[in-house]
Q: 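Encoded as structure tokens, here's the structure I'll be asking about.
Counting starts at 1 for both ligands and their atoms, following the listed order. Just so it is clear, the model here is predicted, and its values are computed rather than measured.
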Amino acid sequence: MKIFSGNSNLPLAEKIAEKLNTKLSSLEIHVFSDGEQRIRVIEKVVDEDCVVVQSTSAPVDENYMELFFIIDALKRSGAKSVTAVVPYLGYQRQDHVFRDGEAVSLEVVAKTLESVGADKIITFDLHSIKIPEVFNITISHLSALSIFAEKIKQIDGSDMVLVSPDEGGIRRIKLLSAMLGNMPVAVINKDRDLATGKVTSDGIIGNVKNKTVFILDDMISTGGTLKMASKLLKKKGAGKIFVFVTHAVLSGDFKNNLSSPEIEKVFTADTIFVPDDKIFPKLEILSVAEMIADSLK
Ligand code: R5P
């Protein structure tokens with residue numbers, strides 16, 4: 001097996017290769033002055049099973065194009081199979097038409113990945129469990145929940161509750177609850193204005209009073225959801241609030257929104273590389289490299 005990496009999450013790709021007792025195979029990636037990329041496979045890959053690691057986080061389109069070109073180059077060079085490890089699958093939030101006239105961006109991405117020759121995709125904590133249905137190739141849908149469960153077990157707190165900041169996350173908190181001996185759960189009623197992106201809430205189902213709260217979500221983008229959720233939880237009498245999110249998208253005004261004093265700590269996975277200028281003191285990053293390596297074995 002040969003492992004290649006795009007430029008979006010090299011540290012994770014290196015960790016995966018290390019866990020598999022190997023090194024990343026080299027690629028020549030040249031970016032022209034107008035931004036176009038030329039990709040060339042240097043090593044022989046004829047009849048090899050190849051893996052490409054690339055998170056399609058920001059710059060989303062650039063990272064997707066790089067992934068498409070790497071897969072195309074591998075297939076043209078005779079690779080037997082190409083597994084795309086896409087720990088964060090960009091455009092997953094636009095998996096259907098929400099309002100008349102919208103594009104289904106994820107379907108466009110799926111068709112392109114298939115047509116350039118991806119044989120399998122390994123990804124993490126998709127926004128919806130229906131997303132694999134958009135693809136005609138195998139999707140291995142992994143989750144960071146077991147890593148989060150281990151971390152939660154290490155945190156002191158007698159009365160604990162898992163909170164989903166929206167109804168879409170109910171399945172996710174039920175799974176985590178089962179891993180934690182049926183820890184109680186609560187759900188926030190979240191509403192998002194699709195035109196402005198602003199999030200509001202009209203309440204919470206479940207008891208959080210005086211409890212240590214673990215908010216679980218698939219991603220933090222602007223942090224607007226977490227700011228709304230943590231303020232509402234404190235209003236309802238919650239104790240310490242810890243946040244667990246798989247994908248640190250970290251866009252827009254996230255630093256301001258996450259600096260809210262209600263939040264003790266934010267745990268995330270390394271499905272997206274977090275550059276130094278986006279690191280903030282409350283952030284702790286947990287690695288999914290071993291899980292990916294295991295699934296590639
Ligand atoms: C939405 O349904 C997702 O599960 C996240 O809650 C959302 O994408 C987070 O976005 P933001 O941080 O911008 O509120």
Q: Run the side chain to side chain donor-acceptor pair (under 3.5 Å) test on Ser221 and Ser251 for me, step by step, so that the C-alpha distance in whole Å, both residues' side-chain angles and the decisive distance to 0.1 Å come before the verdict.
A: CA-CA 5 Å; Ser221 184; Ser251 66; 2.8 Å; yes
Q: How close do Pro87 and Gln54 get, heavy atom to heavy atom, and via which atoms?
A: CD-O, 3.9 Å
Q: Mind checking what makes salt bridge (charged side-chain N to carboxylate O under 4.0 Å, His left out) contact with Lys278, not counting sequence neighbours?
A: none
Q: Provide the number and element of each atom of ligand 1 under 4.0 Å from a heavy atom of Lys190.
A: 1 (C), 2 (O), 6 (O)
Q: In ligand 1, which numbered atoms sit nearer than 4.0 Å to a non-hydrogen atom of Thr225?
A: 6 (O), 9 (C), 10 (O), 11 (P), 14 (O)
Q: Who's the nearest protein heavy-atom neighbour of atom 5 (C) of ligand 1, and how far?
A: Asp217 OD2, 3.4 Å
Q: Just to confirm my output: which protein heavy-atom neighbour is closest to atom 2 (O) of ligand 1, and how far is it?
A: His127 CE1, 3.1 Å
Q: Under the side chain to side chain contact (heavy atoms under 4.5 Å, CB included) rule, what do Ile155 and Phe214 come out as? Steps first, then yes or no, please.
A: CA-CA 10 Å; Ile155 294 174; Phe214 301 105; 3.8 Å; yes
Q: Note the single closest protein heavy atom to atom 7 (C) of ligand 1, along with its residue, its atom name and the distance in Å.
A: Arg192 NH2, 3.7 Å
Q: Looking only at distance, does Asp166 have an N or O less than 3.5 Å from an N or O of ligand 1?
A: yes
Q: State which residues pass ring pair (Phe, Tyr, Trp, His ring centres under 6.0 Å) with His96; sequence neighbours excluded, sorted by chain then number.
A: Phe98
Q: Between the candidates Thr222, Leu226, Asp253, which shows the shortest non-hydrogen contact distance to atom 11 (P) of ligand 1?
A: Thr222
Q: Counting only heavy atoms from other residues, nucleotides and ligands, does the tally under 6.0 Å from CG of Asp156 exceed 12?
A: no
Q: Counting from 1, what ligand 1 atoms have a heavy atom of Met219 closer than 4.0 Å?
A: 5 (C), 8 (O), 9 (C)
Q: Quick check: closest heavy atoms across Ala144 and Asp125, and the distance to 0.1 Å?
A: N-OD2, 2.9 Å
Q: Any atoms of ligand 1 less than 4.0 Å from a non-hydrogen atom of Arg93? List them with their elements.
A: 8 (O)
Q: Taking atom 4 (O) of ligand 1 as the point of reference, which of Asp218, Ile220, Leu258 owns the nearest heavy atom?
A: Asp218
Q: What are the two closest non-hydrogen atoms of Ile188 and Leu232, and how far apart are they?
A: CG2-CD2, 3.8 Å
Q: Would you mind listing which atoms of ligand 1 come within a distance below 4.0 Å of any non-hydrogen atom of Gly223?
A: 11 (P), 12 (O), 13 (O)
